[in-house]
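Remarks on the structure that follows.
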Amino acid sequence: MMPAFTKGNEAIAESAIRAGLRAYFGYPVTPQSELPEYLARRLPERGGVFLQAESEIAAINMVYGAGARVMISTSGPGFSLMQEGLSYLVGAEVPCVVVDMMRGGPGLGNIAPAQGDYFQATKSAGHGDGRLLVLAPWSVQEACDLTRVAFDLADRYRNPVAILGDGLLGQMMEPVVLPAPVEPARDVAWATTGAGSGPARVITSLDLEPEALEARNRRLQEKYRRAQQEVRWEGYRLDDADVAVVAYGISARIARTAVDRARDEGVAAGLVRPITLFPFPSQAVRDVASRVRIVLVTELSAGQMVEDVRLAADGRVPVRFYGRFGGMVSTPPEILDQIEQAASEVRAA
Amino acid sequence: MRPESPMTRVFGRPPVLIETPTHYCPGCTHGIAHRLVAEVIDELGLRGRTIGVASVGCSVLAYHYLDVDFQQAAHGRAPAVATGIKRVLPGRVVFTYQGDGDLAAIGTAEIIHAANRGERITVIFINNAVYGMTGGQMAPTTLVGMRTTTTPAGRDPVVYGFPLRVAELLAPLPGVAYASRVALSSPAHVNRAKRSIRRAFQTQLDGLGFSIVEMLSTCPVGWGQTPIDAMRWLEAEMFPVFPLGELKAPAEVKA
Ligand SMILES: Cc1ncc(C[n+]2csc(CCOP(=O)(O)OP(=O)(O)O)c2C)c(N)n1
Ligand code: SF4
């Protein structure tokens with residue numbers, strides 16, 4: 001199939017339809033509005049439900065009721081409002097795909113690209129002890145491909161899966177080859193369909209007895225342990241590297257250019273790009289940290305993923321951090337400068 | 001059908017109502033409301049195609065009593081959950097069961113927009129003028145001057161405004177096809193309440209729009225009254241503030 005020039009937000013939307021999307025609920029917010037706008041045009045004609053809700057709070061609760069392949073998308077402020085609902089979905093083991101095209105924060109912040117929602121996405125699905133599985137694409141093609149993966153993971157683990165992108169990824173246009181459509185199973189064993197056969201189905205996250213709630217939590221944690229097998233990451237020019245840059249999403253795109261320039265200048269730099277942020281590729285980071293002399297983490301935040309990198313590296317090598325935030329996007333020369341500083345730090349040591 | 005004995009059975013447990021010990025306080029009318037919903041689901045033959053949405057409040061465990069598919073919703077969000085269910089399965093019957101803290105405080109946005117969209121769902125709304133589950137605090141429906149655990153000197157309208165009349169608020173919306181207020185304070189009122197629930201479900205079955213039945217209920221524990229006194233207090237104090245009747249009903253489902 002010929003690649004078509006497509007915006008990130010629209011590639012995710014079309015890929016979701018081809019993954020068998022039956023319903024979309026959302027509330028407009030920049031920089032992801034092309035996604036619901038695309039689905040408003042295309043989902044009903046393909047037999048799905050599109051509904052603009054009165055808020056992200058309502059939208060995520062509509063998602064909770066859908067009982068079928070369902071998606072919701074937003075950006076920072078809306079992602080905050082979804083936390084309560086996501087906690088219920090996680091607790092009741094209801095799958096969905098949630099897209100967060102991150103923008104500058106905190107508060108209303110701005111609509112420029114950022115990566116400041118890493119903590120919110122990876123550390124806890126709202127209150128309680130639940131998690132989202134989190135995927136972080138770095139290109140429009142990968143956003144399209146990971147959308148299919150997200151639906152499959154959501155169904156397999158009966159857990160919400162987040163696609164964590166940023167304003168740049170959502171808005172930029174790149175050539176994309178779309179996946180072939182699939183038709184997922186219609187009636188899933190857990191959904192409340194009112195179908196009448198067998199005992200009534202109940203979807204709830206309530207266990208008044210602590211023993212029962214602990215058992216539910218153990219089940220969730222066991223699920224997250226199993227999900228370790230879904231870890232995805234990519235290494236680039238790491239074989240003989242002294243400096244390993246760790247970056248995800250759009251930051252990794254910028255970092256790769258900087259790594260190439262560093263190599264041109266004779267600095268042995270490489271790149272580790274986590275693709276799943278939860279589960280985090282800790283083992284991969286640990287292995288790389290054992291081979292290189294210094295790690296440089298770069299994010300469009302004040303330093304969030306760097307905490308997971310430091311935990312994984314566990315003191316094996318120094319871990320430096322460089323971040324831009326508030327909607328400012330780092331440039332390859334800035335990252336190159338950081339790589340050079342890191343290299344000279346270890347030369348001096 | 002041949003009777004099992006010379007005596008004709010005139011009253012019994014509706015099959016949808018699960019036989020189980022109740023967790024509701026003595027004299028609480030949640031149990032009556034559950035029974036009425038169960039009877040209507042049975043009489044309309046909806047058991048195999050109904051999905052309930054339980055809210056956060058004393059009725060959070062409604063699915064322990066009603067034998068249909070159920071989803072337990074976050075506080076106030078039941079109308080949104082019901083919207084998600086109904087939009088994906090438009091041929092099913094979907095209802096929410098919500099208290100007045102749930103529906104009229106934290107869930108005000110969800111109920112108004114579900115009603116305004118004309119969602120073809122039925123809302124069973126229990127107005128007992130307090131938050132029962134959390135210990136009798138003030139609700140938006142608390143009467144002026146009424147003492148609650150968070151208004152120890154009585155609800156002061158200067159501080160908290162006046163009781164919110166939900167049926168009157170929703171009835172004018174074009175998406176609302178059926179809105180009524182009933183009471184659970186006497187056998188006659190209970191019979192009327194059941195007729196109203198039946199009409200609300202019929203409105204949904206006929207695809208006419210959103211339907212809501214507001215039920216004036218007692219919370220003897222939250223009110224600090226005996227069950228009998230609570231029934232009397234409901235009629236004496238709540239009736240003047242929350243007038244009973246059908247505020248809106250489609251001609252098709254009118255008696
Ligand atoms: C987000 C959130 N806030 C507060 C609560 C605590 N809470 C539980 S039930 C309830 C009030 C329920 O009152 P009502 O809806 O009137 O139902 P009743 O118990 O009277 O039947 C509150 C505030 C909660 N569970 N979730
Ligand atoms: S606290 Fe009130 S509403 Fe709750 S069960 Fe007891 S009497 Fe009923």
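Just so we're on the same page: letters track the sequence lines, and every chain starts at 1.
- If you measure heavy-atom distances from B:Leu66 to chain A, you find no contacts under 4.5 Å at all.
- Under a 4.0 Å N-O distance rule, the pair A:Arg41/A:Glu37 does not qualify as a salt bridge.
- B:Gln202 and B:Asp206 share a donor-acceptor pair across their side chains, judged by distance under 3.5 Å alone.
- Heavy-atom distances place the side chain of A:Tyr88, and not its backbone, under 4.5 Å from chain B.
- Neither the backbone nor the side chain of B:Val16 comes within contact range of chain A, judged by heavy atoms closer than 4.5 Å.
- The aromatic rings of B:Tyr63 and B:Phe70 sit tilted, their planes meeting at an angle between 30° and 60°.
- Proximity to chain B involves both the backbone and the side chain of A:Ala66, based on heavy atoms less than 4.5 angstrom apart.
- Contacts of B:Arg92 with chain A are made by side-chain atoms alone, with heavy-atom separations under 4.5 Å and no backbone atom involved.
- Residue contact with chain B, scored on non-hydrogen atoms closer than 4.5 Å, involves the backbone and the side chain of A:Val202 alike.
- In summary, the side chains of B:Thr134 and B:Gln137 do present a donor paired with an acceptor at a separation below 3.5 Å, with no hydrogens or angles considered.
- For A:Ile60, no part sits under 4.5 Å from any heavy atom of chain B, backbone or side chain.
- The existence of a salt bridge linking A:Asp207 and A:Arg216 is confirmed by a sub-4.0 Å separation between a basic side-chain nitrogen and an acidic carboxylate oxygen.
- Salt bridge B:Lys86/B:Glu119: absent, no basic N to carboxylate O contact under 4.0 Å.
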